[in-house]
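Below, all heavy atoms of this structure are taken into account, side chains as well, without hydrogens, waters or symmetry copies. Order of the sequence lines fixes the chain letters, A, B, ..., with proteins taken first and strands second; residue numbering starts at 1 for each chain.
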Number of protein chains: 2
Amino acid sequence: MDNSAQIRVAATKLFALRGYEGVSLQAIADVVGVAKQTLLYHYPSKESLRRAVLNNVFEHWRRTLPAILQAVTSGKRRFSALTDELVRFFSSDRDRARLLARELLDNPEDMQRLIGENLRPWLLLLAEYIREGQKVGSIRADVDPESYVLHVILLVVANVANLSTLSMSLDTSGAASDAIERRHLKELARLARSALFVR
Amino acid sequence: MDNSAQIRVAATKLFALRGYEGVSLQAIADVVGVAKQTLLYHYPSKESLRRAVLNNVFEHWRRTLPAILQAVTSGKRRFSALTDELVRFFSSDRDRARLLARELLDNPEDMQRLIGENLRPWLLLLAEYIREGQKVGSIRADVDPESYVLHVILLVVANVANLSTLSMSLDTSGAASDAIERRHLKELARLARSALFVR
DNA sequence: CCTACCGATCGGTAGG
DNA sequence: CCTACCGATCGGTAGG
């Protein structure tokens, strides 16, 4: 991995942890072990580094999208697998979810464009599948297809981004934190599933 | 309203919009129309201002909590009103939701404590009501009570915090943005309700 | 990729 | 001795 990629990876982690404004170029350079000016050689400004980080996250998304779509449209589990696949994608690297949750708040204009380009076509396609399910009676008639899909995605992003904080608040006994996290994500999947299908 | 309160109100708005690290004391002082040093007279440090802002949000929460609990535990609509009340509380001042969404990411330790003190007792109480509903058969047996309540709260906070960004991504026709927002919040309420009750 | 810097602004404190 | 501020400036660090 060359320095350019190392810088991007370090920036992703730090931006996800402390936010764009909370991270100095010097802090990123220190982690990588280069001078701050080396960083500015690869990325001419802090803002260009932000965009590289964000583009990289959506690039992962585009590469993973086909697998997620396939899980939803083929086989017998169909839509039940949607939430599982989303949870898998974001859980495999929680910084992705944290970064997106932050950028939604910090950078709504850029995110609106990126959502429009990377999420919207897929969201409309899933909504169409839901409408078909409603016609044949397998999916509840009162579901708002586009809105439902958006809620499930936001719920997954928000939960994964804040999973350790939330699971602490859930703990009643002294259960292992990853067991509580699994329990919470399981209820997420149940919630999404049972709000969609006719019993 | 004295200067101390004006500063807190301005800081709340700016922290919600751009985040703690993204707002300088000078920027807050400029909005209020005082010198930065006046701000530091009322709040000895930026960190103390953050805590005052956060405490104020949770103070509102504590004052509103009884009304929300009453909506849930009395009358015939019972739990259906929970989401409505939560949406009402956060929608009445979106900066509240934005601030909480940010602090969950920026300041997880403080938020864990504040959730533990202000949310947890209430969450356990609601979970108990859900368990009673499960006994009498009105609420689905597979609901995880504590986890469910946490999901609903997080879903409301995340949606209200990002409502304008999300509604833009939902828009298919040229519908008015507040109509799209209402539609999206209506589906949120339906999702929460239909995942809880036996049909 | 680094050394040597800049205009400006950061959070916080001085005396009055 | 107090509350409620001010203009000026502190030592450091920001992005570039």
Side-chain angles (χ1 to χ4, degrees), chain A residues 1-57 95 98-99 102-103 105-111, chain B residues 1-57 59 95 98-99 102-103 105-111 114:
Chain A
M1 191 161 61
D2 61 7
N3 270 349
S4 171
Q6 274 186 269
I7 290 165
R8 194 198 60 231
V9 169
T12 305
K13 185 167 290 182
L14 288 173
F15 287 164
L17 191 66
R18 295 186 230 150
Y20 179 78
E21 299 282 358
V23 178
S24 67
L25 293 181
Q26 190 61 62
I28 300 167
D30 288 349
V31 167
V32 182
V34 296
K36 186 178 68 172
Q37 295 76 5
T38 302
L39 190 152
L40 286 162
Y41 167 79
H42 292 286
Y43 303 94
S45 68
K46 195 186 183 185
E47 182 58 32
S48 78
L49 179 54
R50 159 188 247 159
R51 268 194 280 266
V53 164
L54 205 50
N55 283 338
N56 183 259
V57 169
D95 286 337
R98 288 192 197 110
L99 199 90
R102 284 191 180 283
E103 288 293 318
L105 292 163
D106 288 346
N107 210 6
E109 311 80 25
D110 271 17
M111 283 300 281
Chain B
M1 189 162 61
D2 61 7
N3 271 349
S4 170
Q6 274 186 270
I7 289 165
R8 195 198 61 232
V9 169
T12 305
K13 185 166 292 186
L14 286 173
F15 287 164
L17 191 66
R18 294 185 231 152
Y20 179 77
E21 298 284 358
V23 178
S24 67
L25 294 181
Q26 190 60 63
I28 300 167
D30 288 349
V31 167
V32 182
V34 296
K36 187 180 65 172
Q37 294 77 1
T38 301
L39 190 152
L40 286 162
Y41 167 80
H42 292 287
Y43 304 94
S45 68
K46 195 186 182 184
E47 182 58 32
S48 76
L49 179 54
R50 159 188 247 159
R51 269 194 280 266
V53 164
L54 206 49
N55 283 338
N56 182 258
V57 168
E59 197 189 305
D95 287 337
R98 287 191 198 112
L99 199 90
R102 285 190 180 282
E103 288 293 318
L105 293 163
D106 288 345
N107 211 6
E109 311 80 26
D110 271 15
M111 283 300 281
L114 287 165

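- For A:Q37, the side-chain atoms get nearest to C:dC5 when compared with the rest of D:dC5, D:dG15, C:dC5.
- A distance of 12.5 Å separates OG1 in B:T38 from OH in B:Y43, rounded to the nearest 0.5 Å.
- Distance, B:D2 CG to D:dT3 P: 14 Å, rounded to whole Å.
- Between the side chain of A:N107 and the backbone N or O of A:E103 there is no donor-acceptor pair closer than 3.5 Å.
- Across the protein-nucleic acid pair, B:K46 atom NZ and C:dT13 atom C1' stand 17 Å apart, rounded to whole Å.
- Comparing the same atom, C1', in D:dC10 and in C:dC10 gives a spacing of 12 Å after rounding to whole Å.
- Residue contacts for A:L25: at a heavy-atom cut-off of 4.0 Å it reaches the sugar-phosphate backbone alone, with no base atom in range.
- Remark: P of C:dG11 and CG of B:L14 are 12 Å apart, rounded to the nearest angstrom.
- Judged by distance alone, the side chains of B:Q26 and B:D30 do bring a donor and an acceptor atom under 3.5 Å apart.
- If you check D:dG16, C:dG12, C:dC10 against the side chain of A:S45, the one that comes closest is D:dG16.
- Across the C1' atoms, C:dT9 and D:dG11 are found 13 Å apart, a figure rounded to whole Å.
- Within 6.0 Å of NZ in A:K13 there are 12 or fewer heavy atoms belonging to other residues, nucleotides or ligands.
- Here C:dC5 presents its C1' atom at 10 Å from NZ of A:K36, a figure rounded to the nearest Å.
- Phosphate contact (OP1/OP2 of D:dT3, side-chain N/O of B:H42, threshold under 4.0 Å): absent.
- OP1 or OP2 of D:dA4 has not a single side-chain nitrogen or oxygen of B:N3 nearer than 4.0 Å.
- Atom CG of A:L39 sits about 10.0 Å away from atom OG of A:S24, to the nearest 0.5 Å.
- One atom, CD1 of A:I28, and another, P of D:dT13, lie 17 Å apart when rounded to the nearest Å.
- In this entry the distance linking CD of B:E47 with C1' of C:dC10 reads 16 Å, nearest Å.
- In this structure, CD of A:Q26 is placed 13 Å from C1' of C:dT3, rounded to the nearest angstrom.
- In terms of phosphate contacts, B:Y41 brings a side-chain nitrogen or oxygen within less than 4.0 Å of OP1 or OP2 of D:dA4.
- Spacing between atom CZ of A:F15 and atom C1' of D:dG15 amounts to 12 Å, rounded to whole angstrom units.
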